[in-house]
Amino acid sequence: MAISGFPEWMPAQRIIEQTIIDRARRTFELYGFAPLETRAVEPLDQLLRKGETSKEVYLLRRLQADEKDSSDSTLGLHFDLTVPFARFVLENAGKLQFPFRRYQIQKCWRGERPQEGRYREFLQADIDIVDRDTLPSHYEAELPLIIADVLGGLPIPKIRIQVNNRKVLQGFYRGLGIDDQDEAIRIVDKIDKIGPAGVAAELASLGATEAQAKLALALAEISTPDASFVELVEKLGVTDPLLTEGLAELVNVVETARAHAPGICFAELKIARGLDYYTGTVYETQLVGFEKSGSICSGGRYDNLASSGKETFPGVGISLGVTRLVGVLFGRDALQVSRSVPTCVLVALPAEEDRPAADRIAAALRARGIATEVAPAAAKFGKQIRFAERRGIPFVWFPSPEGDTVKDIRSGDQVDAAAASWSPPSEDLYPAVRGSFG
RNA sequence: GUGGUCGUAGCUCAGCUGGUAGAGCACCCGGUUGUGGUCCGGGAUGUCGCGGGUUCGAGUCCCGUCGAUCACCCCA
């Protein structure tokens, strides 16, 4: 029986998911991120240190727990990888070299109501860079490039990375004279759901004047693929030091992305991100054609998350929602894989007595990196071929005293072959993932 | 956590106002005593999501529950 929100994929789907994980890992390492895994649980007070996400957290309880036991603080499963990482950095600051860049690919848990692309247990592939005391803002420009690199090499729809900076919003609202800037950010962030009129209404109930609401909406409408958003903001006539600072940072991110990966990164002044530990740049990523499914890759800069009072480790990170990405695409049947098993070659079995010889052939192929299995039984060759065909295994190997042959069952071509030297075309070595979307 | 829709064979679905479950595709066997995919013939298949209730009788009505999905919330 399935448990709501805890997806279990079929092997073909898992192969696709692993393809994405492998791509992410390989790319992260190419950019010099060190691998890390943190424990699944954190003390509850750690998890709740920033933000009021309490209701989402799953708690860990021992079945035989002593009711009177109050020694340890309650443990909760982590709901992202950034908070545990911040804790890890504080704990191990003495052993790490800064700036420290690491990747972490792990399950996360949130106690939410599941729907397509939203799960209670899901996989995130997260990268973060932290430094001691200060963090140069060029790192904020680097992260979208890495994500573009990961996703650009996968058979998925085009992506659109939307970037904003909370300083822009905060500074603009402050300059505008709105007192509760954080609440204003939350309201404007809902613009896609409730529309400009809805935002104006909520801002009004926050105490904003009509003129203020109008300008806030005008800001939210700004969306450019380059630095031209600055002029548009300046035209609105609001000034504030924080706004100026945020605009400069945002220019850097957008222009860097435009130079290295044009057409995928946009300054989008309406996005804000829910998690409230972000203090500067924030990212959100849409799959083009799947915008309704939400962001598949989000993050931002946090200046105070890893801070012990004495020391501060500002950081910036971005997290790819692997489960959401595949879940959304599976939901539309948009991904196919060439076979449901890793096997490239099936060694046919003429008779049960031939199994030792077949095993030797398989071993020779495996030794050269070719995934091989031996037929389960010495059935008619037609059946053995069908066994391979159903799983998508491309090659069937026929052992013979007169010399082995190998058949590509897709084309029907059959050629003489020796297990010590034959190799499949490189594109057949591993299951191939294909995407189909309009 | 709140509310809506849905849940019949592996898949897609049919099943009229309650009368004891069906089709197509897929699958298995044979034709084709060992090289599949076509064709022909034959065959198996369901705790009708689960539990309870109403009824002489429930896939069909009622309640609950689980799951999928959507909206809110939130977010990967």
Side-chain angles (χ1 to χ4, degrees), chain A residues 1-8 10 17 20 24 51-57 78-82 104-127 147 151 159 186 189-190 192-194 198 271-278 282-287 290 292-300 317-328 330-333 346 348-352 354 375 377-400 405-414:
Chain A
M1 173 65 90
I3 300 176
S4 184
F6 293 78
E8 295 185 306
M10 293 300 286
E17 186 180 53
I20 293 169
E52 63 276 29
T53 40
S54 55
K55 48 185 182 275
E56 303 178 345
V57 175
H78 58 231
F79 54 82
D80 73 2
L81 299 175
T82 306
Q104 212 169 322
I105 302 175
Q106 282 179 248
K107 287 284 176 67
C108 297
W109 296 268
R110 286 181 199 173
E112 295 176 36
R113 185 76 127 231
Q115 352 183 322
E116 183 171 283
R118 248 181 74 177
Y119 304 93
R120 290 166 154 165
E121 177 180 71
F122 56 95
L123 193 66
Q124 283 198 335
D126 186 272
I127 47 176
I147 293 305
L151 297 179
I159 58 161
R186 278 199 50 248
D189 191 44
K190 293 196 280 185
D192 286 337
K193 291 221 165 135
I194 63 178
I271 72 159
R273 290 280 73 214
L275 290 166
D276 42 7
Y277 50 67
Y278 296 125
V282 288
Y283 314 100
E284 216 167 87
T285 308
Q286 317 284 333
L287 281 180
F290 294 76
K292 293 267 181 338
S293 303
S295 172
I296 55 145
C297 189
S298 307
I318 191 162
S319 197
L320 170 65
V322 177
T323 309
R324 169 172 289 180
L325 174 61
V326 297
V328 164
F330 290 162
R332 291 226 211 143
D333 253 331
L346 176 78
L349 206 56
E352 195 51 41
D354 298 316
K380 288 200 241 179
F381 282 155
K383 276 192 170 182
Q384 299 193 45
I385 290 170
R386 207 155 66 218
F387 175 97
E389 193 213 354
R390 288 219 199 83
R391 292 162 176 75
I393 299 170
F395 295 98
V396 176
W397 191 281
F398 294 97
S400 162
T405 57
V406 65
K407 173 173 183 158
D408 181 336
I409 64 173
R410 296 161 302 187
S411 63
D413 296 341
Q414 190 162 348

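When reading the values below, keep in mind they use all heavy atoms of this one structure, side chains included, and skip hydrogens, waters and symmetry mates. Every chain is numbered from 1, with letters handed out A, B, ... down the list of sequences.
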Report the C-alpha separation of Glu112(A) and Arg118(A) in whole Å, then their side-chain angles, then the decisive distance to 0.1 Å, and conclude whether the salt bridge (Lys or Arg N to Asp or Glu O under 4.0 Å) test is met. CA-CA 8 Å; Glu112(A) 295 176 36; Arg118(A) 248 181 74 177; 3.2 Å; yes
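- If you check rC27(B), rG67(B), rU69(B) against the side chain of Glu116(A), the one that comes closest is rU69(B).
- For rG34(B) and rC39(B), the P atoms lie 24 Å apart once the distance is rounded to whole Å.
- Taking atom CZ of residue Phe387(A) and atom C1' of nucleotide rC28(B), one finds them 16 Å apart after rounding to whole Å.
- Among the atoms of the strands shown, base atoms are found under 4.0 Å from some heavy atom of Tyr119(A).
- Nucleotides rG57(B) and rC61(B) place their C1' atoms 13 Å apart, quoted to the nearest Å.
- Rounded to the nearest Å, the gap between the P atom of rA23(B) and that of rA9(B) is 14 Å.
- Phosphate proximity of rC28(B) to Arg390(A): present, with a side-chain N or O under 4.0 Å from OP1 or OP2.
- The distance between atom NZ of Lys190(A) and atom P of rC72(B), rounded to the nearest whole Å, is 10 Å.
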Secondary structure of RNA chain B per the Watson-Crick/G-U criterion (both distances under 3.5 Å; [ ] crossing, | other strand, . unpaired) is (((((((..((((.....[..)))).(((((.......))))).....(((((..]....))))))))))))....
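- Neither side chain, Glu284(A) nor Ser298(A), offers a donor N or O lying under 3.5 Å from an acceptor on the other.
- Taking atom P on both rU35(B) and rA44(B), the two are 29 Å apart, rounded to the nearest angstrom.
- Proximity note for Gln115(A) (side chain, C-beta onward) versus rC75(B), rC73(B), rC74(B): the nearest is rC73(B).
- Projected onto RNA chain B by closest heavy-atom contact, Ser298(A) and Ile194(A) fall at different nucleotides, the more 5' of which corresponds to Ile194(A).
- The side chain of Arg113(A) sits closest to rG3(B) out of rC75(B), rG3(B), rA68(B).
- Under the 6.0 Å distance and 45° angle rule, Arg332(A) does not count as a cation-pi partner of Phe330(A).
- Partners of Lys292(A) according to the side chain to side chain contact (heavy atoms under 4.5 Å, CB included) rule, which considers only residues two or more places apart in sequence or in another chain, do not exist here.
- If you check every strand for non-hydrogen atoms under 4.0 Å, Cys108(A) touches nothing.
- Rounded to whole Å, the separation between the C1' atoms of rG19(B) and rC48(B) comes to 16 Å.
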Each nucleotide in nucleotides 29-36 of chain B should get exactly one letter: B, S or -. Can you fill that in based on protein heavy atoms under 4.0 Å? S---SBBB
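- Note on Gly5(A): only backbone sugar-phosphate atoms sit closer than 4.0 angstrom, heavy atoms only; bases stay farther off.
- In terms of phosphate contacts, Arg118(A) brings no side-chain nitrogen or oxygen within less than 4.0 Å of OP1 or OP2 of rC73(B).
- Atom P of rU54(B) sits at a distance of 16 Å from the matching atom of rG59(B), rounded to the whole Å.
- Heavy atoms of Thr323(A) sit nowhere under 4.0 angstrom from any nucleic acid atom.
- Comparing the same atom, P, in rG7(B) and in rC40(B) gives a spacing of 34 Å after rounding to whole Å.
- In summary, the aromatic rings of Phe6(A) and Tyr119(A) are positioned with their centroids too far apart to meet the 6.0 Å limit.
- The separation of rG1(B) from rU17(B), taken at their C1' atoms, amounts to 40 Å, rounded to a whole angstrom.
- Within 4.0 Å (heavy atoms only), Gly117(A) reaches at least one base atom of the nucleic acid.
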